**Student:** 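My questions will all concern the structure given below.
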Number of protein chains: 2
Amino acid sequence: MKKIEAANAAEMPGQPAKRNTPQKAAVKHALGEATGFVSAQQLHQTLKKHGSTIGLATVYRTLADLAQAGEADSLQSKDSEVLYRACTTSHHHHLICRECGLTLEIEAENLEKWADKVATEHGFVQPSHNIDIFGFCAACQSAKTESGVAK
Amino acid sequence: MKKIEAANAAEMPGQPAKRNTPQKAAVKHALGEATGFVSAQQLHQTLKKHGSTIGLATVYRTLADLAQAGEADSLQSKDSEVLYRACTTSHHHHLICRECGLTLEIEAENLEKWADKVATEHGFVQPSHNIDIFGFCAACQSAKTESGVAK
DNA sequence: TCTCTTATTGACAAAGATTCTCAATAAGAC
DNA sequence: GTCTTATTGAGAATCTTTGTCAATAAGAGA
Ligand SMILES: [Zn+2]
Ligand SMILES: [Zn+2]
Ligand SMILES: [Zn+2]
Ligand SMILES: [Zn+2]
């Protein structure tokens, strides 16, 4: 029969208690090692390549948890898959070419502050953000113009 | 045999000439009508509901074109689908609760300028951006704390 | 207006990504 | 150790997005 000793101190209406497992640690570590954004599938491959027998579903679950906990940021790739990045990684944003995919890293101290301030002002905690700028790079720009597809 | 009179003025190495079709117009219109972000599937449903016999693939293709042309912004939903929004819609950003999904609209004139400036400075044209802030709203925050799942 | 070339479309298949199911396993508390 | 149950892995099941291809119809030119 079930023990109903709930009132002690760490769960009740909320979610059940989380457990620490080597799988979660592995995903977290792998995400940290990765440079830039990576997909769940990629991480799974990497982990297996390093000997882990972790399941794909677990990678997805862990990544989703990390994102929800604000420990990872996610982004949508052109290839219709979700990419993740550890939040600790030197934080920066991207300027991406809609045509060729060229990506430049952007830093903006003020922006970081602004984002956190907005969140805080509205009573939100553990703020994080997704900021990406898109456009057509100089190269693709001229390529288009030259080929007559101009304006 | 093919006519090779290319050199006249509007295509050559680039893409073939685009054509205007009622389908494209319909998607564009539906996207404009929509309030906020919508998925390709949603738009397809809406269009069919309004009598259109447009194909799902066409909706996807058109949406992709619009996004590429900078006429629509896209965003990744929690439900792993891509959401689109007509660029004309009064532009603003979102502060989203990672727990309950509560979404607040954020406006920031300076930010818009900043984003466009960054793009321009790096030689990019037709700039657009995705800026979203995440966090846990006050309600979800206290809910967690109370339930002991706190920190 | 009539023709001709070919971009576009729609239905369906195919590919992928993400989630679900469930029996087996193993944290974590006692 | 023992017990409860969160977590896991494998595979099925879903679902979103893309590719295929014959049929259709813009748009340019006659
Ligand atoms: Zn480019
Ligand atoms: Zn930032
Ligand atoms: Zn909330
Ligand atoms: Zn903006």
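For clarity, every value in this text was computed on a predicted model and none was experimentally measured. So you know, we letter chains A, B, ... as the sequences are listed, proteins then strands, and number each from 1. In what follows, every heavy atom counts, from backbone to side chain, and hydrogens, waters and symmetry copies are set aside.
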**Student:** Give a yes/no on whether any side-chain N or O of B:Lys24 is located under 4.0 angstrom from OP1 or OP2 of C:dT8.
**Tutor:** yes
**Student:** I'd like to know if B:Arg61 reaches the base of C:dG10 with its side chain such that a donor and an acceptor end up less than 3.5 angstrom apart.
**Tutor:** yes
**Student:** If you check the A:Arg19 side chain, which of C:dA26, D:dT16, D:dA26 turns out closest?
**Tutor:** C:dA26
**Student:** Does A:Ser80 have a side-chain nitrogen or oxygen under 4.0 Å from the phosphate oxygens OP1 or OP2 of C:dA17?
**Tutor:** no
**Student:** Between B:Tyr60 and D:dT18, does any side-chain N or O lie under 4.0 Å from OP1 or OP2?
**Tutor:** no
**Student:** Could you state the CG-P distance from B:Asp79 to D:dT14, rounded to the nearest angstrom?
**Tutor:** 16 Å
**Student:** Establish, with yes or no, whether the OP1 or OP2 oxygen of D:dT7 is under 4.0 angstrom from a side-chain nitrogen or oxygen of A:Gln23.
**Tutor:** no
**Student:** Any chain of hydrophobic side-chain contacts (each under 4.5 Å) joining B:Leu111 to B:Phe124?
**Tutor:** yes
**Student:** From C:dA27, D:dT17, D:dG11, pick the nucleotide closest to the side chain of A:Ala57?
**Tutor:** D:dG11
**Student:** Find the distance B:Lys48:NZ to C:dG10:C1' and express it as a whole number of Å.
**Tutor:** 11 Å
**Student:** Hey, is the side chain of A:Thr21 poking within less than 4.0 Å of OP1 or OP2 on D:dT8, counting only N and O atoms?
**Tutor:** yes
**Student:** Which is true for A:Leu56 with a 4.0 Å heavy-atom rule: it touches a base, it touches only sugar-phosphate, or it touches nothing?
**Tutor:** base
**Student:** According to the interplanar angle, ranging from 0 to 90°, do the rings of A:His93 and A:His129 count as parallel (below 30°), tilted (30 to 60°) or perpendicular (above 60°)?
**Tutor:** tilted
